[in-house]
Structure formats: structure tokens, C-alpha cells
Amino acid sequence: MPVAIEPKATEILSPIRHRAEVISSRRVATDTWWLEIDSPEIAGRAEWGQFVMIGFGLEHLAPPFLPRPFSVAWRAEDGRIGLLVRAFGVGSRRLAELRAGEHVLLLGPLGRPFRLEPGSRVVCVAGGVGLAPFLFLAGDARRQGFDVDLLYGELTADKVFDTRLIEELTGGPPIVWTEDGSLGRRGRVTEGLRVEGPVTVLACGPTPMLRALAGRAAREGFDLQVSVEEHMGCGVGTCQGCVVQGADGRWRKACTEGPVFYASELTWSPS
Amino acid sequence: MPVAIEPKATEILSPIRHRAEVISSRRVATDTWWLEIDSPEIAGRAEWGQFVMIGFGLEHLAPPFLPRPFSVAWRAEDGRIGLLVRAFGVGSRRLAELRAGEHVLLLGPLGRPFRLEPGSRVVCVAGGVGLAPFLFLAGDARRQGFDVDLLYGELTADKVFDTRLIEELTGGPPIVWTEDGSLGRRGRVTEGLRVEGPVTVLACGPTPMLRALAGRAAREGFDLQVSVEEHMGCGVGTCQGCVVQGADGRWRKACTEGPVFYASELTWSPS
Amino acid sequence: MVPELRQSLFGVEFQAPVLLASGTCGYGREYAGLIPLDELGGLVTKAVSVEPRSGNPPHRVAETPGGMINAIGLENVGLDAFASEKLPWLRENLARAHVFVNVVGRTVEEYAAVVSGLDGEEGFLGYEINVSCPNVKGGTMFGTDEAALAELVGRLRSETERPVIVKLTPNVPDIGIYARICEENGADGLSTINTFPGMLIDIHLRKPVIGNVSGGISGPAILPMGVYLTWRAATACSLPVIGIGGIRSGEDALQYILAGAHLVQVGTASFVDPAAAATVQEGISSYLAGAGIGSLSELVGGLRLPEHGQH
Amino acid sequence: MVPELRQSLFGVEFQAPVLLASGTCGYGREYAGLIPLDELGGLVTKAVSVEPRSGNPPHRVAETPGGMINAIGLENVGLDAFASEKLPWLRENLARAHVFVNVVGRTVEEYAAVVSGLDGEEGFLGYEINVSCPNVKGGTMFGTDEAALAELVGRLRSETERPVIVKLTPNVPDIGIYARICEENGADGLSTINTFPGMLIDIHLRKPVIGNVSGGISGPAILPMGVYLTWRAATACSLPVIGIGGIRSGEDALQYILAGAHLVQVGTASFVDPAAAATVQEGISSYLAGAGIGSLSELVGGLRLPEHGQH
Ligand SMILES: Cc1cc2nc3c(=O)[nH]c(=O)nc-3n(C[C@H](O)[C@H](O)[C@H](O)COP(=O)(O)OP(=O)(O)OC[C@H]3O[C@@H](n4cnc5c(N)ncnc54)[C@H](O)[C@@H]3O)c2cc1C
Ligand SMILES: Cc1cc2nc3c(=O)[nH]c(=O)nc-3n(C[C@H](O)[C@H](O)[C@H](O)COP(=O)(O)OP(=O)(O)OC[C@H]3O[C@@H](n4cnc5c(N)ncnc54)[C@H](O)[C@@H]3O)c2cc1C
Ligand SMILES: Cc1cc2nc3c(=O)[nH]c(=O)nc-3n(C[C@H](O)[C@H](O)[C@H](O)COP(=O)(O)O)c2cc1C
Ligand SMILES: Cc1cc2nc3c(=O)[nH]c(=O)nc-3n(C[C@H](O)[C@H](O)[C@H](O)COP(=O)(O)O)c2cc1C
Ligand code: FES
Ligand code: FES
């Protein structure tokens, strides 16, 4: 029997800011690296779907000058956290190049986490590096007795994160989809979603994917939690830089009111 | 018999710009590093007293954003050049921290070199890292049959560049002065200068030292060549950023008309 | 010997010279527990307008070389919610750090309504007037329109006895003119500077990155402009000046202080490192200690000019 | 397919859109042998004044965050020496790259004397008028004084048939006003932008680092301001615009081009790497090739604005 998971997130503890050492870095797909960083403080507190702001501190001027948000993808007993970093633009490329022994400035854990409903099956829908939060969540949830499906989509096989490592971290094989069919099933990962019985659907990935799922959730009447992306300045609610549009038309901060929202809390304007 | 050294500098060859690898870095005094950089192009052409602009290229924004001028302190047969880098401000500190395998952008060799008069004794007066050009010059000049004295002054013993290495590079022991007497003779290095017979006096170091020597040269009537320092933008004469005042009151560019001037070519205003 | 950072200004004592800049520290509470707010000189709230404002569409922030661009659109809860929801926390949690309320409006009346509406409340010292706002009447910004600025400052002066600090806009040919207008119309001080107008284009999408098309540039990139404009403002009038723009170290802050600033504000640097303001404050202190300077106030405006300078 | 970089402008053809900016490439010759000058779009000479000018005392340059400050003081050899000593080299060595002569003066007469004095010479295409110079008559800069600018541009128009490009100063509330004044008075194009006034203080010496006290800020730090002002100028009038400020890559240049620039200039980046302008030019070309765009001119002014933008 799954136990109820109580989100502590409404009254979020103050995040921690600290200099941390990169323990290891490993390329896990064509443009994606798996970083392990020594951060007992954050490892001890991070919840599923929370993120860190990672940067280089005040003396650094080249991109990333502003820290960048990355999901906590893993937390280990020994105080390491894992990040899955895709080299996307110039700032994330520099982060992907981080090597063991380099230091970064971390701020976290941040944001409102995913919530699991006791007694429900858990379906995680990951698009690309949207996989990150589910590495951490799927393993924990399985250990707590949840029945978990992890659907994971990429464009092509070379972008797929090492599936053996995914299985090792999450305690089960992912269901892989590629748009060109070069690995796993062919098509969009969202096609893999079947909603039957009590189910908690969690999604993280590009906005078009989330939009498609939100449409289905509204039509088919299931609860959907999504982790959204928006440019961030501070990560802690001071700058009001990271807004997404709420269902009532008002702006909501992705960093403190999200990044996880119920899809029904947001406006999904046609792209 | 010393042979005449003909300066080729009036019609300077175009400098070379290239990415170069740092071969080794070694701390040689409290705040000073000896860098060896792979640059056959510059090693093959540099003359005594010429310099390079060294920086990190267009993607680098933190200091040094603009490249910094450093004397060519050594050139080896195998294509290495040596630089003596004192961590002075934030830009030179970063250069002092360069490690083997890192890459830099070099522009050089630049500037008007020292000239030696055949038949004369050579006295080099070095203040601090003003030693750099003489490491290269003193050894060459001795091999060419010149009689060379190398006077080298620092504030304190911990700043003195490894004297065995100096001897190895220049083929003779330097005459060391420290202001506090903690190594070698006590006092200012300029006190060590004795001018008798035909002599070529060359000086490189802080402006007050050069000014003091210029005063003596004017009073005692000997020829003095000084290598001056000024903030540089381009290193090649385009920006007009690096001026020092000529004897006629007009501005002279340190990068192309210098850095080596006859002391009599310049105005020595009281500091 | 611990150097003295205290300064008496605007009728009170500032324990230290570093404040958090408007728009970069929310209403203070967001930083509670993360940084030692009450050990700073103070903070300036996000802009407060008479009605709530919803602000601009995303993206609202992005990185630029050595800085950032932002177009938040002055999103804020409005006067009433500020007084009832935000001010109480500041009142109850800050005993030593001073609070300025950053005020915006589209007309002189709107500014005046914020000031008169808040004036009876407790929990803040005074107002920082953001004049980088379009003036509905004239079409230009208050901060670039001499007559509108004079009227605005004069009117706010008549609404309150609290300190009124005018935060000047940088994109004018001579900031000294605006500094003197503020002085002549009764301001108590100046803040220099607000952000520079800028734009960032996504060349792949051929669209502005920022939802509002253009935005304000802040961060280290604007440090030398801020120091210059602070010096110009401080030497053009006799008002105390708060220096702002690109500060991320004690050395940066000391440039502003030598240029004539009594206090400084740290903005963008707090995003890079939430501890930035505390780092700046410690940096000032350790510089003074190392240089054997007993009190920060000895350095205010202590810039020595060469004789030949033809600025 | 090699993308087409050529554009017809100012009555001639530019083989490529990248020029070296005034004050950062001397009189061209200094870069001979080091960079392939004749493969660029062209270059703009150091400012030329009617009499030689000796310029400012050192230090004249220093680094600032993400950029630099300079106060050269418009040191130059003067009109006669320029014509006899500098222009011949340009005439003889550049066959395809176009040359603009950057012109300065303290009065309208001085500017006009440079233009009329050079107009009969060969070896250059036209003039770039630097209006960030103090006007002896008015005390302000030509570039921030609407009447003085109108008079200056009108007068220079009557002195020459060659292209007259006015290089605008950034520190004005609305650059569009100045752009239109140039258009109405007969200018052929605009260059946006010159440097921002700034100051750097040596806190240990308590002195300005720059001998002239203040100077102009350039480099990557000003990129987003330059893009914004280029967009404002290009949309305020119908003159072709040359974008300048902080460019160090093809992507940077393409921001300016999408904002409305036909050509760009590279300044400070050449100090960081003498090959910068060539790198920018190659970067533009390879971006176009990668994006399958046949000709650069398709992108000029191609910025798409969102509907909601409230710039
Ligand atoms: C809550 C959250 C969690 C994330 N988790 C992960 C993760 O686990 N793994 C991963 O690879 N990526 C993750 N991302 C996306 C990652 O933050 C962006 O890819 C990265 O910031 C892009 O920076 P860049 O400099 O490479 O991109 P550029 O496009 O070059 O950046 C330009 C500007 O855009 C901003 N920016 C661009 N994209 C984003 C974005 N998506 N979010 C925030 N700012 C952006 C940057 O701050 C910068 O100002 C996450 C984003 C959010 C909001
Ligand atoms: C021809 C020449 C040869 C030199 N050779 C050597 C050498 O062999 N070894 C050595 O240790 N040093 C040498 N120097 C001095 C060295 O260039 C400076 O110490 C260095 O540039 C200081 O940079 P910084 O960022 O550490 O200093 P900061 O003071 O932090 O720099 C701030 C600004 O000042 C400029 N600047 C400061 N000092 C100088 C300077 N002296 N020259 C040029 N720009 C300066 C920088 O470009 C920057 O803009 C030489 C200088 C010149 C002109
Ligand atoms: C995200 C953001 C929001 C801002 N909001 C305001 C504001 O509401 N009112 C105001 O006067 N200034 C505002 N500013 C300007 C800052 O207070 C400050 O003047 C500017 O950022 C320069 O300082 P900095 O370089 O230290 O950031 C804002 C700046 C940023 C970056
Ligand atoms: C050292 C230096 C000297 C300059 N001299 C001139 C000049 O004589 N005339 C002029 O119009 N602009 C001059 N400029 C401004 C540049 O041409 C250019 O407008 C500015 O530097 C911005 O471009 P950048 O960021 O690419 O350098 C000078 C700039 C620098 C850095
Ligand atoms: S990132 Fe600053 S409020 Fe969300
Ligand atoms: S450094 Fe540019 S002219 Fe000398």
C-alpha cells in the first residue's frame, strides 16, 4: 500500500546558498551530461521536482553570468546531488563542461514540488531533459510502494540518456519513445499516456508537450501536474522575472508558486 | 670582440596573432610565475625588449578582458617563449594562474627593442619584473661577447625571482639588491649603477626608478635606454591609448614607438 | 580597530552603507532566512503604484554581456495591499535596516496618492521616487522632462515630511540639470542610477527575447556609467546621493562613495549571489581596515581630480 | 551555397557588412599584414579635425566590466597631414573595402573645413560625422543639441556630394528625434552608437584612472543598448543605419541587422583579437548558410514584434 506523501512545500524553508564542488561529470547523451555535486545541505532537503540555481558567483562575467535553474535529478545518502544538464545555449554549455574539482555556487532547494496521491498509479511523462526530476522521483516512489510508469521521449536515439543508468537510478526500465523511431517506440511520448483508474500524471518537458497533455487532461478529466520552464533572475521570488500565466489570467511566479503547477491552474494559450 | 647588433625595428614586421598553449607554469617568487608558452612564430622573431599582448580571446569577459602587455622574457630553440608574470591586479592575477594545457591568444612580437652599441659594456638595471626582458637579453649578449652586468632590485627577498634560474638563463649571476637588505645588497638597485668607460645602460622597472636613472643619465652624460609601461588597448598603434610624453612635449606611443626609448627622448615630469 | 560604517543621513543613522535596490529584493520577506537583512543599511521595496499592476508578458529577464535586461513592467500589489500585506512584515522584522518605498505613477496625482496613502503608516523611513516611468500627460518620462520633474518633486514635497529621494534616469545628456531640479523643488536626496534602455534579439526566432520588446540594462556592465553619473549628480547639487549600478564588491561600492555617494544599492548582483550585499558591506569594511581608515564618511566625495582634467 | 553578403548602399556596393570602427583601426595601415583589411566591408578612420590635436594625458584606456573606457581626446594628425600622409596608403592599398573619414570639430566651420578640404581627394567614400564633441558655441555636444545638429548637418550637406553619415550619441532620452533631424537636413545615413560617458576610480589613489577624469565606455557591455538605439533610430526615419556597440560575433552583428542596420562596425573587439572583424564577418556568413538564408539583405530590419509589446 502506498503511503501518503505530504508536501511540505506551502511553507517552504529558506533555501541554502553555498559553494559546492563538482564531484564528477559524465557525458550521457550526445549533448547531455550527468553532474554530481557535493551538497549535503541540499541533498538533505530537496523534494521531488524542486530545483537549484547554479552559477559561478560574483567574479564571473561570461555566460552564465546569471545562475541557471536545474532540477534536482538525484540526491544521494552521502550528500551528493545529481543534475542532468543539456547543453542548450551558451550558459548551459558552460555548465555541461564543468569538470570534477571545479566549484559552483548553489542556491536551493527551490520551488513547489510534485505531489503524489496515495493509492494512485504514478505516470511520469518526460520530454528530453524533462526526465531530470523523475530520476529522483520514480525510484523513491517505487520504494514507497507506488506503481510507476516512466515515459521518456526524445527526438532521436543519440539524445537518449543512458537507459541502463535510468533503470539503475529509478528501479525500473523507462518506456522510451523517439520521434524518428531510432530507439524504443516511434512517435511522441505523449501518445504513450493511457489514463485508467486512479492515476497521478506528472509531466516535465517542452511547453508544446505540456500544452498537449494539458489539453488531454481537460478533455479526459484527469489531474495533471506539470513542471514549467521560464527565464529566471533570482529563483526566490524577488525579481518577478519568471512568470507564467495563471488560469485567471494573472501572472504566477514559476520559481516560488511553481515550477510544478496543476495544469488547470494555468492558461494554455495556443503556441 | 662584440659584434654590432643591428636593430631591425624601425621597419617592424607585422606581428603575429595566434592561439597558443601554455606548456608549463611555475611559481618563482611570492607573487610571480614563470610561464612557458608554445609559440614558434613569436620565438622565432622576438627581439630583446619586445613584448606580446596576451589575453583570452573574444568569448572571455572577466579580467583580463583586454589583453595585457608582457615582455618576451625568453625564447627557446624549440619554439617556447617564457614570460615572467607578476600578479599585480586582477588581470595579471588570472594570467599568473594559467596552467599547462590552457590556451591564450598571443599577439606579437611588438614594439621597438633595446639596441646594443658594439664595443660597449652592457649594464642592465631591473626593478622587480622589469627583470623580464633582461633574462633574454643578458644571455644572448654574453654569448655574443658582450660584457654584461645585471643589477636586479626588489623590495624584499620573497619577491626575488629564483636566482639560480636567472643564472642558468643569463649565463651569469645577477647582482641582487633588496630595499630591506633581506637578500643581496641593501638599498635601491639604482645605487648599484657605476658608469665607467663605454657603456650601454638599459633599464626596465617602475617609473620612479626610470626617472631616477634618467636624471643621472642627464647629469652624468651617459646614454640610457628605458622600457616604459603604460596602459595599452591594442598594442599595435591603432588606439593611441598608450602614450608617454616625448621630450618635445608631444605624446609618443609606447607600443610602437617604444616600449624602449632613449631616456633623452622623453619628458620626465616629477612624480 | 573595526572601521566605522555608520552615517547620519535623512535624519536617522544608517548602520552601514549598503541597501538592496528596488525590484531586486521584493518586499524583503523573500530574502528572510537567506540573508541577514537587518545587518544591512536597508532596502528599497519593489515599486508601489496606486492600483495593482499586472506587469509585462514573459520573457521578463535575460542575460546580456556582463549584465541583464529586465522588463517586469512594474508589476506590484498596489498601495492598499502593500500597506496591509507587505509593510507589516517589514515593520516587525527589521529593527535596524531602513526601508524606502519605491513609488511609481503615470501622473503626478498617482504618485501623490501613493505617498499620501502610505504616509501615516509605520515601518519605513521614506520614499524613493522612480521617475523612469512614462508620463501619461507628456508622453515622455518624468525623469527626462524638466518641467514634469519639477512639478512632481514639488508636489510630493508638499505631501510628506519623510525623506523624498528621487531616483534619476541615466539617459539624459546632463544629469546635473535634473539633480538641481530635484534640489530646488525640495527633494532630500538622489539615487543614481536606474537602468539603461536596451534590447536583446533572438536571431533564430527574429524576435525580441523580452516580451515587452525592450527593457532595462543593469549589472556590472553599467558600473562605470553609474559612477560617472553619481559624480556628476553629486557635484551638481548639494543633496546626498545613493549610488547604484553594477556593484558587486566593496571596491565597486568605494568607487561610488569616492565619487560622492553616501550610500549605495546592490541590485543585479543579488541574483548572482544572494549574499552579494553582505559581501559588498564586508568588502568595504575590510578595505577600510586594511587602509587604516577609521570611518567610511572620510571617503565620501573624496575623489581627487588632476589639475589638467577637462571633463 | 555561399550566402550573399553584398549590399548596395550609399551609391556603391559593399562586399560585406562589417567595418572597423573609428578610433580602433588607426588609419588602416597599422593593421596591414595583420588582418585582411581589403576583405572587410571597410573601415572608418580615426577622427580628423582641421588642425592637429594632441589629445589627453595618460592613462587613456582601461578595462571596465565587460568593456573598456577611453579618453584619447581625439588626438589626430589634422586635415593636411591626413590628406598627405594617411590617405595615400588607403587609396593605394584598399581596392574593395570602403573608407569613411570620421570628422570632428568644435564649430560648424571646423567640421565644414575638414569636409571641404578633403572633398577633392581620392581614396575614400564619404564622411562619418562624430557629433559627440562639445560645441564651443553652445557648451553642449552637437549630438545632444537639436538646433546645433540641424545646422551642422545642413551645412555639411552643402559642402559635399559624398555620403554624409552622422554618428549619433547614445545619452539622449529619444534618439529618434536626432535621427529625424539628420534625415531632414540631408544626411545619407546614421551610425549608432558612440560610447557612453563613464568613469573609473582607483580607490587606492582616490583618483580617476583616466587622465581626462571621464571617458567613453565601449565593448560588449553596451551591446544591448546599441541594439536598442539602432532599432529606435532605424524605425524613426528612413535613413540606412550602421550599427555599432559591443559586437564580437556574427550573432551580435545579426542582432543589429535584424534591428534595422545595413552595416555594422566592430571596435573594441579588435583590441581583444585583431581578427575580430573577420570573425564577425565569417560568423554572419556561416549563420546564413546554416539557416538557409540566401542573402543578408533579407534580414535587414527583419525583427518581428509581438502584438502586445508596449515599448
Ligand atoms: C525549474 C527549471 C528546471 C530546469 N531543469 C533543467 C534540467 O534539469 N536540465 C536541463 O538541461 N535544463 C533544465 N532547465 C532548463 C535550463 O535552465 C535552461 O536550458 C538553461 O537555463 C538555458 O540557459 P542557456 O544559457 O544555455 O540558454 P540561452 O538561451 O543561451 O540563455 C539565454 C537566456 O535565457 C535564459 N534561459 C533560456 N532558457 C531558459 C530556461 N529554460 N529556463 C530559464 N532560463 C532560461 C537564460 O537565463 C539566459 O538569460 C530547467 C529550467 C527550469 C526553469
Ligand atoms: C611593454 C610592457 C611590458 C610588460 N612586461 C611585463 C612583464 O614582463 N611582467 C610583468 O609582470 N608585467 C609586465 N608589464 C606590466 C603588466 O602589463 C601589468 O602588470 C598588467 O597589465 C596589469 O594588469 P592588471 O589587470 O593586473 O592590473 P590592474 O591595475 O588591475 O589593471 C587595470 C587596468 O590597468 C591596465 N594596466 C594596469 N597596469 C598596467 C601596465 N603596467 N601596463 C599596461 N596596462 C596596465 C590594465 O590593462 C587594465 O586596464 C608590462 C607592461 C608593459 C607596458
Ligand atoms: C529585475 C529588476 C527589477 C527592477 N525594478 C525596479 C523598480 O521597481 N523600481 C526601480 O526604481 N528600479 C528598479 N530596478 C532598477 C534597480 O533598482 C537598479 O537601479 C538597477 O538594476 C541598477 O543596479 P544594479 O546594476 O545593481 O542592478 C529593477 C532592476 C531589476 C534588475
Ligand atoms: C580607443 C577608442 C577610440 C575611439 N575614437 C573614436 C573617434 O575618434 N571617433 C568616433 O566617432 N568614435 C570613436 N570611438 C568610438 C567607436 O568608434 C565606437 O563607436 C564605440 O567604441 C562602440 O563600439 P565598440 O563597442 O565595438 O567598441 C572610439 C572608441 C575607442 C574604444
Ligand atoms: S526568478 Fe525571480 S521571481 Fe522567480
Ligand atoms: S596600445 Fe594602442 S596605440 Fe599603443
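Residue numbering restarts at 1 for every chain, and letters A, B, ... go by the order of the sequence lines. Keep in mind that this is a model prediction, so the values were computed, not measured.
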I want to check something: taking the side chain as every heavy atom from C-beta on, are Tyr31(C) and Ser14(A) in contact at a cut-off of under 4.5 Å?
no
Checking heavy-atom separations under 4.5 Å from chain A, one finds in residues 275-286 of chain C Ala275(C), Ala276(C), Thr279(C)
Max heavy-atom pairs within cutoff under 4.5 Å with chain A, candidates Ser270(C), Gly67(C), Ser249(C), goes to Gly67(C)
Practice item. Taking atom CD of Glu21(A) as the centre, report whether more than 12 heavy atoms of other residues, nucleotides or ligands fall under 6.0 Å from it. Key: yes
Comparing Glu30(C), His59(C), Lys46(C) against chain A, the one with the most heavy-atom pairs below 4.5 Å turns out to be His59(C)
Quick note, salt bridge (Lys or Arg N to Asp or Glu O under 4.0 Å) partners involving residues 47-64 of chain C, not counting sequence neighbours, are Arg68(A)-Glu63(C), Arg60(C)-Glu75(C)
So, the part of Ser54(C) with a heavy atom under 4.5 Å from chain A: the answer is both
In this structure, CZ of Phe65(A) is separated from OG1 of Thr268(C) (nearest 0.5 Å) by 6.0 Å
From the list Leu66(A), Leu107(A), Leu105(A), the residue making the most non-hydrogen contacts under 4.5 Å with chain C is Leu66(A)
Under a 4.5 Å heavy-atom criterion, the part of residues 230-244 of chain A in contact with chain C comprises Glu230(A), His231(A), Met232(A), Gly233(A), Cys234(A), Val236(A), Gly237(A), Thr238(A), Cys239(A), Gln240(A), Gly241(A), Val243(A)
For residues 194-216 of chain C, the salt bridge (Lys or Arg N to Asp or Glu O under 4.0 Å) pairs (sequence neighbours left out) are none
Turns out that what part of Ala32(C) lies under 4.5 Å from chain A's heavy atoms comes down to backbone
Under 4.5 Å to a heavy atom of chain A? For Asp273(C) that would be both
Q. Is it true that atom CZ of Arg96(C) has more than 12 heavy atoms of other residues, nucleotides or ligands lying nearer than 6.0 Å?
A. yes
